Amino acid sequence: MSTIEDARAPGEGARRRPPEPLVPEGERRVSANVCQAAGCLSMQSDLVLGALRDRVEAAGLSDVAVRRVGCLGLCAAGPLVEVPELGRLFDHVQPDDGAALDSLVTTLSGGEPGGQAMAKEPFFSHQVKVVLERCGQVDPERVEDYLDAGGYEALTKTVTTMSPEEVIAEVVRSGLRGRGGAGYPTGLKWTTVAKATSHDGKFVVCNADEGDPGAFMDRSVLESCPQQVLEGMAIAGYAVGAQHGYVYVRAEYPLAVKRLNSAIRQAERSGFLGKQIAGTDFEFHVEVRIGAGAFVCGEETALLASIQGGRGTPRPRPPYPAASGLWGRPTLINNVETYANVPPVVMRGGEWYGSIGTGKSKGTKVFALAGAVVNTGLIEVPMGLSLRQIVFDIGGGLVGGKKFKAVQTGGPSGGCLPEELLDMPIDYESLAQAGSHMGSGGMIVMDESTCMVDVAKYFMDFCREESCGKCLPCRAGTVQMYGLLDKITRGRGTRHDLDTLQSLAEMVRTTSLCGLGQGAPNPVFSTLRYFRDEYLAHIDDHTCPAGACRLDGGER
Amino acid sequence: MVATPARTLSPPSDDKRWRQVEVRMRRLGHRPDGLIEVLHTVQELFGFLDDSALAFVSQSLSVPPSKVYGVATFYSHFMLKPQGEHTCVVCTGTACYINGAGALLAKLKERLGLEAGGTTADGKLSLLQARCLGACSMAPAVVVDGEVHGRVTPSSIAVLVEAL
Amino acid sequence: MSDEVRTLVIDGRDVAGASGQSILSVAEESGVFIPALCHLAGLSEVGSCRLCMVEVEGTARLVASCVTAVEEGMKVTTTSERLLAYRRRAIELLFMERNHVCSVCVADNHCELQELAKTLGVTHFELPPLHPACDVDATHERFVLDHNRCILCARCVRVCDEIEGAHTWDIRGRGTGARLISDLGKPWGESTTCTSCGKCVQVCPTGALYEKGRSVAEGKRHRPYVPFLVATNALGTGRQL
Amino acid sequence: MTAEHKARVATTWLDGCSGCHMSLLDMDERLLEVAERVELVYGCLVDAKEFPEDVDVTLVEGAVSSEEDLRKIREVRARTRVLVSLGDCAVTANVPGMRNPFGPGPVLERAYLENVTLNAQIPHGAVPALLAESLPVHAYVPVDVFVPGCPPSADLIFSVIMDLVEGRLPQVQGTARFG
């Protein structure tokens, strides 16, 4: 099998298709895309799929396809069904909700369209889909769907018409930066790995150990369109000269693991992974490695240690993985979203990609919008959009009309941004300047009932439990910072404790070995910067302005 | 001491599941760096990792026992004790936390008389805590026996647990 | 290690080292003291105690001198107010993490942690002690492991693995709950891999590992122990030092 | 020099072993030198029942372990200009603090029940109640000078006292050490 046409050819003996969704033999007039990502699935969207299929069949609609697709984005309103041809979205569809299903069938049979007009949904305004382009469109467990949607054209183009240098040049031109958090220029990283010499191979690793609490972008992408990530990895392998890839996925994402494994098998059968890809000499093999519950494994050197079967403790860099990674060989590590950006970059060109976004932060960014906002879910927006547009336009404002207090970005090493920064554009530089960072893309909106000291304590609790224990400042420093924050939230803290907290935070940030420890004090710094009065209220007045902390006061 | 060739080691018991473990190890070429993969397999099959399993894996993969133990205790996914018949996992991710996961967990701890990670004396239920299940749009989320329940309240969780 | 010479400045003094050599090692040879607890000449570097961090001109970040190679023209500062403050804080974190009671410790007077606290001028602690409940494992016929004094420097783990080749020791758990373990986390006396060579005892910087029968302040170590072993090993194998 | 110009110095003793006081006495003939500059107004070497007001320097030995220790140190602090934590117990809780990982209950049981063959009972009222933890002095009141050591050497104590009576802040960093 060598070309896309071949791969699409039906009747391949070796190909064993997964259970078919109902797709009409003849012409397909409209389709009903039923979200089967984890969010909607947990609200029984699999039963919705079955129920809808039965009704469509009963109504004899032979030109309607009922399909399972990946994440449709608006997770808060699941289970979701989309009728893309008519631009209608049905939310909160329950498997036993006769009226909703009837309305769907009416819509599908050409009657009065039900549900919401998507064009009018503010949630979908401002969004630009590059990474998520195919997420709500293809069946995540059918490579044929992905191929129909133009999948693997980029890989074919890469290996048949481009040199590795040209691929890298395209990625450099796009201005794409690592979507895992640090924002390191992807093209530069690829160049380094490509230049590294190795007699016994190189590796491409996909970091899918999405550990930031409140972040589910990578999970959604893997559950919705795993092929796009594999395609990005294969292109990367071609560009840097690697034949083997690993995807390191959290054990907490069983559905993502299942779909990824099935995607790898199907890609192998279709000739897009394995030997002689697209009829060329290029070969690329991908294996899945499942994490075992350690946040620190998101750090690249810890991740490598874990893939090699050891304790996931980071090591000092240099040497960087690009020079000495898995088994001491040059290793390219990018995260899920970064790889998913690669096929569109190759297909449409770096120039096109670079036209989206801001000066130094090109392209789009996927965010998981969660917390006290009406429209929680998965969104993809161009870099440079303001926080206000995300929270109030896309997010629909705060639940129950409560007062906005902060947005937390960047996970446990990120920060809390206050109201006065709502008009700040979202890009790497602005976020860093504001004392937070992009992180992998978790965005948690907090209202007036959230205490910012308590939030800082929450993240410190997270870090002290997830510290690997290797380096002293992170291991013992996070525990002591937690103790001080706990003391303050109990109303027992003093101004002196606040000073100690600050100097300790400074020491932990400056002297820790890896990003986990270096970033651990960030929630403290950012809340001290923007919400110092809340700390002082706990200390001086023994009150929690948000009413969230239980103060037992008194002397030690 | 000369190491016994790993391939001829006999498993801790004649339980048939050990064959599956051996197959997994063979597929990984008995390489030391397959340790985590093999531990995953053992836990999937037996539910937890006991000393005899760790010793067997250590010898089969030629990994020092202290390293096997170090790895098995580093990752929160691995269990060194048998788990309860049922599991209840409370997500304590950020979105769940600010939506009251702390109160949920406290309620469960009090009701079951357990700390997170513990199992009831009758072996019926294990209470676990997770670092973000990615179900943030349904916060707070609880997973009971693999099934996700969203927007859980202290009273609804009581009903869920009671039903087990 | 290549023999190419690198010249650099440490605390205003011109010094020279070989390419690939660490700043710490060059400083040691040149008589400049940089505090360190996880580092021990002859063992691999882990860069975990963070005491040896130094300032390098032109670099905003501090670097751990044990794992940073010297470069031509480098300007290194090993002592400054900021570094001293961080180091004192690090010592404090160590003292507060376990139960270090120098006055009744077998390593009193022979302890690198105690000595460093004095050198760095640590006179008291601001942070509260965590006082975890720690075990003392005296099941081995010749040695004792007292977790109360362990600072997780992992010198014992490395000497056992890299020089003795037994890999009896490793670390279990993570974060501040991490503990030194032998074999499958069972008492040391039951270890089937331990050769009772005592190397771990010799390299322990504190009173966490000691010979049975030693009382308070009697836990003197044979130093420099590891460099000697490495040198003899190298003679035997022809490996380059 | 007349008595009026002498510094009013006190010593006190919380949960400790008196070793620091012994070390103080180890100054031997230098005690005469100290006595010329210092009026000892309170302490185990002086027959004073009440801790006096208006003390220039108080050397405190021992950790704060009981309610009585706490009452005492607060009184001392209120009546002292320069408070010196003398020795490891006052500075770090040291040996008294070794009970902290266990909590007071098990410690009392061990001492008064398990290891007793006759009339085993935990005393109530007759001795001050233990605090939950044994802590250094500065956990409760501000301390001006820390002199670690178990005990600090006589030389060190001498130099600290002489520095203080001469109005200098004692520099013990680099000299004093724990243990």
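Predicted model, so just to flag it, every value in this text is computed and none were measured. Note on naming: letters A, B, ... go to the chains in the order of the sequence lines (proteins, then strands), and numbering restarts at 1 for each one.
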**Request:** Let me know if C/Val216 has heavy atoms under 4.5 Å from chain D in its side chain, its backbone, both or neither.
**Result:**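 Neither; nothing under 4.5 Å.
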**Message:** Could you check whether C/Glu28 and C/His39, counting side-chain N and O atoms only, form a donor-acceptor pair closer than 3.5 Å?
**Reply:**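 Yes - a donor-acceptor pair under 3.5 Å links their side chains.
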**Prompt:** What are the two closest non-hydrogen atoms of D/Val41 and D/Ala10, and how far apart are they?
**Reply:**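 Looks like CG2-CB, 4.1 Å.
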**Message:** Which heavy atom of C/Cys153 sits nearest to which heavy atom of C/Arg158, and what is that distance?
**Reply:**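 That closest heavy-atom pairing would be O-NH2, 2.9 Å.
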**Polar side-chain atom of C/Ser182 near backbone of C/Ser191 as donor-acceptor pair, under 3.5 Å** =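 Not confirmed, C/Ser182 side chain does not pair with C/Ser191 backbone.
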**Request:** Could you tell me whether a side-chain N or O of C/Lys212 sits under 3.5 Å from a main-chain N or O of C/Val144, the two making a donor and an acceptor?
**Result:**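 Flag not set: sc C/Lys212 to bb C/Val144 has no pair under 3.5 Å.
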**Request:** Name the member of D/Pro148, D/Ala93, D/Gly149 that forms the most heavy-atom pairs with chain C at distances under 4.5 Å.
**Result:**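 Highest number of pairs under 4.5 Å: D/Pro148.
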**Request:** Could you have a look at D/Cys150, D/Gly174, D/Ala176 and say which one has the most heavy-atom pairs with chain C under 4.5 angstrom?
**Result:**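 Result: the option with the highest number of such pairs is D/Gly174.
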**Message:** Between C/Phe95 and C/Phe125, is the ring centroid distance below 6.0 Å?
**Reply:**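 Yes, the ring of C/Phe95 comes within the 6.0 Å limit of the ring of C/Phe125, centre to centre.
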**Asked** Can C/Glu55 and C/Lys75 be counted as an ion pair, charged N to O under 4.0 angstrom?
**Response**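 No, this pair does not count.
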With 3.5 Å as the limit, can you list every donor-acceptor pair between chain C and chain D, backbone and side chains included?
| from | atom 1 | to | atom 2 | distance (Å) |
| --- | --- | --- | --- | --- |
| C/Arg88 | NH2 | D/Gln173 | OE1 | 3.2 |
| C/Ser103 | OG | D/Asn94 | OD1 | 3.0 |
| C/Ser103 | OG | D/Asn94 | ND2 | 3.3 |
| C/Asp108 | OD1 | D/Arg177 | NH2 | 3.3 |
| C/Asn109 | OD1 | D/Arg177 | NH1 | 2.9 |
| C/Asn109 | OD1 | D/Arg177 | NH2 | 3.3 |
| C/Gln114 | NE2 | D/Phe178 | O | 2.7 |
| C/Gly121 | O | D/Gln173 | NE2 | 3.3 |
| C/Phe125 | O | D/His138 | NE2 | 2.6 |
| C/His131 | NE2 | D/Glu133 | OE2 | 2.5 |

